[in-house]
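Encoded as structure tokens, the structure appears first; notes follow it.
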Amino acid sequence: MDCMRESQKRQGLYPIVKKTACARQTYDVTVLCPDIAKTASPGQFVHIRCPGVTLRRPISICQVDAQRGTVRLVFEVRGRGTAELAQLGEGELMDLLGPLGHGFEILPGARAVAVGGGIGVPPMLEALRSYGENGTAILGFRSANAVILEEDFLQNGNQVRLATDDGTRGTKGFVTQLLKEQLEQQRPDIIYACGPTPMLKGVAALAQQYGVCCQVSLEERMGCGVGACLVCACKTLRENGYEGYSHVCKDGPVFEAQQVVFE
Amino acid sequence: MDCMRESQKRQGLYPIVKKTACARQTYDVTVLCPDIAKTASPGQFVHIRCPGVTLRRPISICQVDAQRGTVRLVFEVRGRGTAELAQLGEGELMDLLGPLGHGFEILPGARAVAVGGGIGVPPMLEALRSYGENGTAILGFRSANAVILEEDFLQNGNQVRLATDDGTRGTKGFVTQLLKEQLEQQRPDIIYACGPTPMLKGVAALAQQYGVCCQVSLEERMGCGVGACLVCACKTLRENGYEGYSHVCKDGPVFEAQQVVFE
Amino acid sequence: MADLRVSVAGVSFKNPVITASGCFGYGKEYDELYDISRLGGISLKGMTLKERLGNPPPRIAETPSGMLNSVGLQNPGFDTFVKEDMPFLRQKDTVLIANVAGATIEDYCGIVERVSGTDVDMIELNISCPNVKEGGVAFGVSCESAANVVRQVRPYAKKPLIVKLSPNVTDIAAIAQAVEAEGADAVSLINTLLGMRIDLKSRRPILKNNVGGLSGPAVFPVAVRMVWQVASRVKIPVIGMGGIETWQDAIEMMLAGAGAVQMGAALFYDPYAPLKVIEGMNQWLDEQGVKSVSEIVGQVKPW
Amino acid sequence: MADLRVSVAGVSFKNPVITASGCFGYGKEYDELYDISRLGGISLKGMTLKERLGNPPPRIAETPSGMLNSVGLQNPGFDTFVKEDMPFLRQKDTVLIANVAGATIEDYCGIVERVSGTDVDMIELNISCPNVKEGGVAFGVSCESAANVVRQVRPYAKKPLIVKLSPNVTDIAAIAQAVEAEGADAVSLINTLLGMRIDLKSRRPILKNNVGGLSGPAVFPVAVRMVWQVASRVKIPVIGMGGIETWQDAIEMMLAGAGAVQMGAALFYDPYAPLKVIEGMNQWLDEQGVKSVSEIVGQVKPW
Ligand SMILES: Cc1cc2nc3c(=O)[nH]c(=O)nc-3n(C[C@H](O)[C@H](O)[C@H](O)COP(=O)(O)OP(=O)(O)OC[C@H]3O[C@@H](n4cnc5c(N)ncnc54)[C@H](O)[C@@H]3O)c2cc1C
Ligand SMILES: Cc1cc2nc3c(=O)[nH]c(=O)nc-3n(C[C@H](O)[C@H](O)[C@H](O)COP(=O)(O)OP(=O)(O)OC[C@H]3O[C@@H](n4cnc5c(N)ncnc54)[C@H](O)[C@@H]3O)c2cc1C
Ligand SMILES: Cc1cc2nc3c(=O)[nH]c(=O)nc-3n(C[C@H](O)[C@H](O)[C@H](O)COP(=O)(O)O)c2cc1C
Ligand SMILES: Cc1cc2nc3c(=O)[nH]c(=O)nc-3n(C[C@H](O)[C@H](O)[C@H](O)COP(=O)(O)O)c2cc1C
Ligand code: FES
Ligand code: FES
């Protein structure tokens with residue numbers, strides 16, 4: 001994944017060029033940040049300073065337009081920081097540090113399945129972009145009114161399969177069911193996943209069962225976002241077989257599923 | 001001064017209906033707050049919550065329009081709190097607690113001289129309002145471009161005499177010189193003063209010398225603004241002749257000059 | 001409507017929200033904004049036998065999410081309080097806590113005895129004021145001296161005795177245990193953390209007293225930790241304070257082990273903060289299906 | 001252009017701004033944003049003889065104007081550091097301070113000895129980490145134990161020895177004097193204040209370690225006070241830190257008595273904060289007509 005090494009971190013104030021509400025308490029924001037967009041790759045994130053709170057907030061890069069120099073972010077209001085972010089309107093400036101972290105490995109010409117749960121869906125969009133019809137997005141949401149980005153995956157040319165907890169859209173139930181069906185039909189070369197831990201565990205187990213390479217994007221509370229403070233630890237298996245801590249902001253957020261020790 | 005007792009404190013978010021810049025880093029803001037305007041009297045102040053800082057900031061009431069339900073505030077940017085206040089524009093809300101404190105005693109039908117220095121000028125406007133041509137405003141500023149509210153005193157019908165430190169407007173020198181001239185010409189029934197401590201001392205000394213009753217508005221760092229936390233202490237003479245602490249937010253900001261122990 | 005009543009050292013509070021000593025005077029000023037009977041209780045401005053003038057101004061400095069004060073126990077003295085403030089306060093239906101201090105053990109005994117003869121409901125022994133030269137925090141920073149003052153004062157206290165602890169110590173739980181052993185009926189914490197600010201222009205400390213006590217949201221995490229440590233080491237009730245601003249903060253403090261909470265600095269920027277906390281607490285308890293607020297006290301589940 | 005150079009315990013810094021231990025790793029990450037040679041110095045991530053995994057996550061919690069951390073001295077151990085990080089660091093023209101810790105006195109002696117054999121410029125003895133079960137702050141909270149560890153370590157230290165003090169004590173100046181008496185060349189303070197946050201939903205502490213160390217602007221007034229107290233009681237230089245965010249804060253800390261400053265938490269929200277401080281400091285000194293920054297150290301005029 002040499003592409004990652006070249007991504008160059010920047011910090012600055014960048015204007016919001018587009019903002020829409022895409023679901024309840026969920027916002028879709030496009031920021032003009034050419035120097036970040038230039039080297040950003042799928043699965044990486046930006047670390048955002050929000051007025052009124054101390055720490056930056058990590059948000060995955062949902063889409064990159066290197067030509068236009070924009071990065072698209074889709075986030076849900078969870079607490080004070082994201083609530084403050086949601087206040088920023090078009091024309092206002094966002095303080096971004098990015099692109100950060102280690103993203104997804106993209107396999108040219110291969111088949112990929114991306115499994116996203118809830119607010120874990122956004123990073124899947126950029127991950128599947130280059131796959132076109134060889135990319136399948138399996139997306140899970142609480143309910144029909146929480147569905148986001150469906151159109152965007154279709155515009156990628158990807159296949160889209162939906163599941164909702166309450167059955168108001170797509171299949172009723174978990175994305176892991178849909179993934180299993182998909183794996184039975186046609187085995188992809190790689191699986192990408194982002195979402196709640198139980199979902200990731202399930203996806204990782206299926207990937208292993210079917211012998212498919214799988215990469216998961218993890219979340220952990222962060223400080224610096226660049227690998228210097230060591231607060232964003234997650235347990236991983238080292239090459240020597242022992243457990244140790246890796247760091248979500250630098251070694252991740254994307255890890256090989258079989259390296260992760262889910263707790 | 002029974003009028004004071006009736007002023008009823010309120011706290012709320014009130015819209016700014018007018019905002020102009022009246023000198024370098026000095027803003028003139030009119031806030032629609034009928035319940036505060038109703039009972040506000042000259043020399044009282046409002047305590048303003050500013051975004052991003054912990055403590056409220058005290059600002060004198062410059063003008064009251066009980067009919068329209070507005071209060072006018074004129075303030076200078078000094079530090080972070082007032083800088084934040086200056087960011088608020090027309091239509092935005094200001095968090096005010098007021099009217100607070102003990103104001104000037106207004107003597108109907110009498111002659112009054114008000115001495116204001118710099119950002120001590122604003123409270124003088126409301127103090128002299130009812131005096132019309134029997135009111136004289138002696139106003140001192142650093143320089144011509146710092147002159148504020150001159151027109152407004154003229155609209156009150158007051159006489160206005162200006163002094164600037166550099167002589168670019170009015171007399172070059174101190175307001176105390178002008179006050180002395182004024183006292184020589186015609187002794188008023190009362191003197192009001194607000195400004196830097198050396199000025200207040202000078203005014204108080206002249207008032208005593210000429211035997212004129214004098215009220216001064218003091219400043220001190222504040223917490224609660226209502227008399228509960230006792231941080232805004234200023235040294236005063238008690239009735240028994242001993243020195244003690246009074247509190248600027250409740251016993252003041254206006255005190256009889258001869259009660260104040262200037263340090 | 002959840003049951004907000006709590007009982008601390010045998011005294012019933014209609015709700016667990018008390019205004020902190022020194023931040024609410026003797027109640028009159030805030031009563032002009034709302035009926036102070038809506039509060040669970042009021043910890044009155046620190047009182048001494050004789051009048052104290054307090055420290056020279058400036059007595060306050062702003063800090064990030066907090067403030068320093070160096071009031072220095074200014075108060076009119078016991079007699080004036082009884083004459084001028086007690087009649088008003090006793091009309092109010094809220095728990096009255098007399099916060100008392102002294103320069104010597106004798107002073108402490110004297111004020112506790114006198115206050116015991118009044119209509120207040122509880123006594124809060126302030127052995128943690130950082131702003132006075134004699135007494136105050138001097139008594140509160142070692143187990144021996146804290147235990148000693150409580151031992152001497154105890155016989156004079158005819159009301160439940162709360163001992164207010166200083167956070168400027170290495171082991172606050174040890175001090176809590178020491179005062180518990182001498183018969184304190186409850187402990188309250190934290191008083192202010194000693195701090196300092198300097199003005200760049202004048203190169204002078206902003207406070208005329210040079211140093212002062214830090215309070216406000218900045219100290220909240222320290223207060224939660226200390227309440228948790230103390231609550232797990234003593235059997236007597238703990239009253240928690242330090243930086244409480246929202247109902248979430250109050251619940252957090254109670255989960256950590258506080259049987260009731262006090263609010264100070266938040267009043268200065270939001271006079272209605274205590275009422276908002278009471279209201280928010282009530283709603284949250286209802287949402288959580290918790291019948292009585294007392295059920296959450298100390299319910300944090302450490303890892 | 002004012003002279004920003006300072007000298008601490010015989011070591012020259014091009015400017016008084018040092019990044020704080022644990023907040024800047026071993027420098028590589030921030031060097032991708034700017035040349036870290038622009039810094040006065042770097043206090044490296046706390047190091048132990050052998051690798052330490054640190055505490056389980058979550059290791060960070062936000063607080064008003066601050067944060068708690070419970071990293072627990074995760075580090076790759078001395079050998080790995082020397083192999084993997086030292087070569088990069090030594091290319092940089094900045095003062096390197098090895099921050100070292102241990103679970104036992106022997107550990108401390110061992111790491112100090114090893115580090116003395118490397119190319120670092122100074123050693124900072126961390127006897128104040130609140131996030132480890134053994135060692136760490138246990139050594140830092142009494143005069144005796146602090147003096148003892150310094151006494152034992154001193155012979156192994158072939159570089160200037162800074163002792164980093166804990167603020168979670170009753171009398172930090174007494175501890176500073178105790179380590180000065182045992183031959184510490186400088187003291188640095190403050191390490192983090194112990195704090196706690198609880199999640200209302202899960203009723204669990206946010207940190208898996210239950211408690212953690214508070215840093216960031218919230219602690220600034222406490223840090224200034226402690227630096228002032230320590231500086232007035234010891235003769236060795238004091239390095240001040242705790243909540244420094246702006247150049248004004250850095251100047252304030254130096255006026256209080258700090259010969260140099262460290263910055264930690266501010267980096268997380270503003271990676272460029274140390275450079276802004278250096279620049280702002282320079283401008284202010286020019287405006288004030290002060291030729292050298294060292295002239296302002298300890299220049300506060302108490303009332
Ligand atoms: C690599 C990464 C990528 C992410 N991408 C997205 C995204 O694209 N869209 C989106 O909506 N959310 C995303 N998140 C989650 C998002 O960072 C949190 O929802 C956000 O930090 C919550 O902040 P808050 O102030 O609203 O909540 P609060 O609960 O008030 O935050 C308090 C503290 O906890 C931290 N925190 C709380 N929840 C999380 C979490 N789930 N992960 C990490 N830190 C947390 C905050 O950053 C803050 O420091 C991502 C998280 C990570 C680690
Ligand atoms: C009764 C009263 C009436 C006032 N009326 C006016 C007015 O009409 N117009 C106007 O421009 N200014 C007025 N002031 C001064 C004004 O309150 C201060 O300029 C303001 O508080 C500075 O805040 P800051 O955040 O900009 O400065 P900072 O220096 O950042 O403030 C830091 C802290 O110090 C306090 N402080 C700083 N300077 C003063 C001061 N001079 N008086 C009181 N507290 C201070 C602040 O309130 C804050 O708590 C008045 C002050 C008082 C006491
Ligand atoms: C202005 C002021 C005056 C205080 N006076 C007293 C006092 O007289 N007695 C006392 O025990 N505590 C006093 N305190 C401490 C508070 O009661 C409380 O312990 C502390 O402020 C922490 O709570 P907070 O963060 O909610 O303000 C005072 C605090 C402030 C801010
Ligand atoms: C994430 C983190 C890790 C830290 N690790 C160490 C450490 O390893 N050794 C040490 O002496 N101090 C450590 N500290 C304390 C800092 O060096 C510093 O003393 C403290 O954070 C106060 O400064 P600040 O407010 O500028 O952050 C750490 C602080 C943080 C926030
Ligand atoms: S957030 Fe600092 S190392 Fe990951
Ligand atoms: S500001 Fe609280 S008493 Fe004046």
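Residue numbers begin at 1 in each chain, while the letters A, B, ... track the order of the sequences.
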Name the region of D:Leu214, side chain, backbone, both or neither, that has any atom closer than 4.5 Å to a heavy atom of chain C.
-> side chain
For chain D, find which of C:Leu193, C:Val219, C:Val222 contributes the most heavy-atom pairs closer than 4.5 angstrom.
-> C:Val222
Value for CD1 (C:Ile172) from CG (D:Leu194), rounded to nearest 0.5 Å, stands at 12.0 Å
Bottom line for D:Val211: the part with an atom under 4.5 Å from chain C's heavy atoms is side chain
Between D:Leu68 and chain C, which part of the residue has a heavy atom less than 4.5 Å away: side chain, backbone, both or neither?
-> side chain
Counting distance alone, with no hydrogens or angles, which donor-acceptor pairs between chain C and chain D are under 3.5 Å?
from     : atom 1 : to       : atom 2 : distance (Å)
C:Ser65  : OG     : D:Ser65  : OG     : 2.5
C:Thr170 : N      : D:Thr170 : OG1    : 3.0
C:Thr170 : OG1    : D:Thr170 : N      : 3.0
C:Thr170 : OG1    : D:Thr170 : OG1    : 3.3
C:Leu194 : O      : D:Arg225 : NE     : 2.9
C:Leu194 : O      : D:Arg225 : NH2    : 3.1
C:Met196 : N      : D:Pro221 : O      : 3.0
C:Arg197 : NE     : D:Glu252 : OE1    : 3.4
C:Arg197 : NE     : D:Glu252 : OE2    : 2.7
C:Arg197 : NH2    : D:Glu252 : OE1    : 2.9
C:Ile198 : N      : D:Glu252 : OE2    : 2.9
C:Ser202 : O      : D:Lys301 : NZ     : 3.4
C:Arg203 : O      : D:Lys301 : N      : 2.7
C:Arg204 : NH1    : D:Lys301 : O      : 3.1
C:Arg204 : NH1    : D:Pro302 : O      : 3.2
C:Pro205 : O      : D:Trp303 : NE1    : 2.8
C:Leu207 : O      : D:Trp303 : NE1    : 3.4
C:Asn210 : OD1    : D:Trp303 : N      : 2.8
C:Pro221 : O      : D:Met196 : N      : 3.0
C:Arg225 : NE     : D:Leu194 : O      : 2.9
C:Arg225 : NH2    : D:Leu194 : O      : 3.1
C:Glu252 : OE1    : D:Arg197 : NE     : 3.4
C:Glu252 : OE1    : D:Arg197 : NH2    : 2.9
C:Glu252 : OE2    : D:Arg197 : NE     : 2.7
C:Glu252 : OE2    : D:Ile198 : N      : 2.8
C:Lys301 : N      : D:Arg203 : O      : 2.8
C:Lys301 : O      : D:Arg204 : NH1    : 3.2
C:Lys301 : NZ     : D:Ser202 : O      : 3.4
C:Pro302 : O      : D:Arg204 : NH1    : 3.2
C:Trp303 : N      : D:Asn210 : OD1    : 2.8
C:Trp303 : NE1    : D:Pro205 : O      : 2.8
C:Trp303 : NE1    : D:Leu207 : O      : 3.3

Contact leader toward chain C among D:Pro217, D:Pro205, D:Ala223, where contacts are heavy-atom pairs under 4.5 Å = D:Pro205
From CG (C:Leu255) to CE (D:Met196), nearest 0.5 Å = 9.5 Å
Atom group of D:Leu207 that falls short of 4.5 Å from chain C, counting heavy atoms = backbone
Is there side-chain contact between D:Val224 and C:Ile198, with at least one heavy-atom pair below 4.5 Å?
-> yes
